[in-house]
Amino acid sequence: MKFTRRDTIALIGGAAGAAALPAGLSMAASHASDSDDTPNVHEVQMLNKHPENARERQVFYPDIIRAKVGDTIKFISVDRGHNSEFEADWSPEGGTEWEGAIGEDIEVVIEVEGAYGYKCTPHASAGMVGLILVGDVSGNYEDLKGERFRGKAKKRFEDIFERADALLAEEESA
Ligand SMILES: [Cu+2]
């Protein structure tokens, strides 16, 4: 098999790009379409393995969603055995609540702005958690970051918050 120089560059670019992709980068795509008032649908896959890092097991992908009030989050049961459930302690006061059954696809319309940490009920302490940032998150984002998370959720959230901080800082400077 012969590669042209262009093919090679494309391959290298693709591989390097994939390796450098932080979890949840696809949020950039959903975020880009958020500039108007039309409600958007954001898809989150429930997976046994992270698509770009097989060492990361039990994941929501992407694990950060940037949304606005009225947007729909669609949790897709790609691999069996997972669900998505809101967590009152990780949500804004009076925030939208949801609880999917194990193995069920669910659609959630977020009606209250703020930062929402959420979990897969059986795998929360295994680190299967995610973050949805809806509208202005200044009301509870810092509180959420100060929560005490259990097991592997602690490390996952640290990583998630690092990327979310960068995303919010970027928005502020835009
Ligand atoms: Cu799970």
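Order of appearance sets the numbers: ligands from 1, and atoms from 1 within every ligand.
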- Any N/O/S atom, backbone or side chain, of M128 lying under 2.8 Å from the Cu ion (ligand 1)? yes
- Note on the structure: In H82, the N/O/S atom nearest the Cu ion (ligand 1) carries the name ND1
- Closest heavy-atom contact between I73 and I110? CG1-CG1, 3.9 Å
- Could you walk me through whether K152 and E56 pass the salt bridge (charged side-chain N to carboxylate O under 4.0 Å, His left out) test, one step at a time? CA-CA 11 Å; K152 198 160 187 280; E56 292 294 320; 3.3 Å; yes
- Query: So, D79 side chain and N48 main chain: donor-acceptor pair closer than 3.5 Å or not?
  - Reply: yes
- Which N, O or S atom of H123 lies nearest to the Cu ion (ligand 1), by name: ND1
- Does any non-hydrogen side-chain atom of T96 lie less than 4.5 Å from one of F86? no
